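Following: one structure in structure tokens, then a few remarks.
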Amino acid sequence: MTHPIPQTMGQQFGRRSWAEPWKIKMVEPLRMISRKERQRALEAAGYNTFLLRSDDVYIDLLTDSGTGAMSDRQWAGMMLGDEAYAGSRNFYHLEEAVRTQYGFRHVVPTHQGRGAEHLISQTAIKPGQFVPGNMYFTTTRLHQELAGGVFVDVIIDEAHDPASLHPFKGNVDLARLEDLISRVGAEQIAYISLAGTVNMAGGQPVSMANIRALRQLCDRHGLRIFLDATRLVENAFFIQEREQGYADKSIAAILREFCDLADGAWMSAKKDNLVNIGGWLAVNDDALFDELRNLVVVYEGLHTYGGLAGRDMEALAIGIEESVQDDHIRARIGQVRYLGELLTDWEIPIVQPVGGHAIFLDARRFYPHIPQDEFPAQTLAAELYLDSGIRSMERGIASAGRDPKTGDHHRPKLELTRLTIPRRVYTQAHMDVVAESVKAVFDGREQTRGLRMVYEPKYLRFFQARFERL
Ligand SMILES: *Cc1c(COP(=O)(O)O)cnc(C)c1O
């Protein structure tokens, strides 16, 4: 079944093609090593694509984190770095950009997203409190747990079904949240952790109607909403496309309307915000800001740089302004969809509808003969690399880690391999090459065997775990 590309993309009219809204000023050569060399490299990496050397990779779809291309304006901004230890002018530019586009009053820069997650978790969670959220994210949940919180998934059921065509699979199940509140009491809930789009569900959006209803529910119980704003601009695109009444509103206006319903946000600026490193945390509450501004000095750096160089903050401020432009976001998601369309036409099982930043191959349906304990999604990532030097990432049982209480594997319903598209880096021809490689691996799926984990680190094991072929 094909998910229709909306008319705004212009793709269904062959003579009216869509194209990237930029041209290339500088190029970086790519190289593909031989299959024999790839086999050696994969064994040396313990079948974990995180442990491959980038020089051994042809098209790198490991992540869209920090892998985007900066614009000429951002590079020019790098030359305007004010490297003062305190009060850098680039910080004030960054603060103004966050205030304007996201609407929060107080801004704390951090070295990347997890730095911000650490600070908000330490200040806003009391040990033993619950943190309901719309599906977990690896670093987010870990920081919540390290602060003594207990994450509770309150996303709608459709999010766990890779075939469901629900337009807003990132939505919170309000009845489930209400039920949690009545069971444990509102004072036992730290805050609502709301991500849009939801990475682990396949880049799926949250609707404006859902956050508005969530706001009302939270107001009734005196609860705060903090956003994981990492891909909130992409979320705004889906609202513009799918939600009644938003077709004529700009991405920037939708983003502001969404943020105005929350109490604060943390950001991995390496995603939406178009920089290679950086993050921020922004809140409205004065007392909370006071605590955050104090804590950032301990873990990141002074509150006017938070672990970033002045030049990084300048590139980030410009990146924020570029990231909310309608043309940019339409092209970004258009490229992801182009790849999704090719795979869908060839009946390759992927998460539908196609989300904002990546194609998620459904490894369960890809390899029905490989049990989840033999890491089907990890296996698929390894096979793709072997076939063509394309690097992808596991998002299944290895990423889910273990239950801290029982020590058993978390067994997520979704067992996915993610082809993540960096922003403004690859062309449509690269997407063709990727699709054809996935098809080749799909055609050889019956001969493929699973993996066994032979080394398992304690934290975020998927980054450094090692595997062997069964
Ligand atoms: C990447 C990411 C983070 C963590 O940010 P880093 O910059 O990698 O530390 C948090 N939440 C989401 C949704 C992300 O995608």
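Not measured: the values here are computed from a predicted model. If you read the sequence from its start, that first residue is 1, and numbering goes on from there. As the structure lists them, so they are numbered: ligands from 1, and atoms in each ligand from 1. In what follows, every heavy atom counts, from backbone to side chain, and hydrogens, waters and symmetry copies are set aside.
- Counting atoms of ligand 1 from 1 in the listed order, those under 4.0 Å from a heavy atom of Asn199 are 15 (O).
- Under 3.5 Å, the side chains of Gln352 and His166 contain no donor-acceptor pair of N or O atoms.
- One N or O on the side chain of Gln372 and one on the backbone of Pro412 form a donor-acceptor pair closer than 3.5 Å.
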Problem - Verdict with supporting geometry, Arg365 and Asp362, salt bridge (charged side-chain N to carboxylate O under 4.0 Å, His left out) - result: CA-CA 6 Å; Arg365 280 186 289 155; Asp362 184 356; 2.7 Å; yes
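- Counting protein heavy atoms only, atom 3 (C) of ligand 1 is closest to Phe137 CE2, 3.4 Å.
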Steps toward salt bridge (charged side-chain N to carboxylate O under 4.0 Å, His left out) verdict (Asp408, Arg411): CA-CA 9 Å; Asp408 196 13; Arg411 286 192 173 70; 3.3 Å; yes
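- Of the heavy atoms in Arg114, both backbone and side-chain atoms come closer than 4.0 Å to ligand 1.
- With respect to atom 4 (C) of ligand 1, the closest heavy atom belonging to the protein is Thr139 OG1, 3.5 Å.
- Heavy-atom proximity to Lys270, at under 4.0 Å, picks out these atoms of ligand 1: 7 (O).
- Of the listed residues (Tyr102, Tyr305, Phe104, Phe91), just one forms a ring pair (Phe, Tyr, Trp, His ring centres under 6.0 Å) with Trp280, and that residue is Tyr102.
- Under a 3.5 Å cut-off, the side chain of Tyr426 and the backbone N or O of Asp60 do form a donor-acceptor pair.
- The main-chain N or O of Met208 is found under 3.5 Å from a side-chain atom of Glu243 such that the two form a donor-acceptor pair.
- Side-chain atoms of Asn210 come within 3.5 Å of backbone N or O of Val172 as a donor-acceptor pair.
- Counting only heavy atoms of the protein, atom 1 (C) of ligand 1 lies nearest to Lys271 NZ, 1.5 Å.
- Nearest protein neighbour of atom 7 (O) of ligand 1, counting heavy atoms only, is Ser268 OG, 2.6 Å.
- The protein heavy-atom contact nearest to atom 12 (C) of ligand 1 is Asp228 OD2, 3.4 Å.
- Close approach to Gly113 involves these atoms of ligand 1, each under 4.0 Å from a residue heavy atom: 5 (O), 6 (P), 7 (O), 9 (O).
- Of the candidates His143, Met135, Glu117, Arg231, it is Glu117 that places a heavy atom closest to atom 10 (C) of ligand 1.
- Nearest protein heavy-atom contact of atom 6 (P) of ligand 1 is Gln112 NE2, 3.3 Å.
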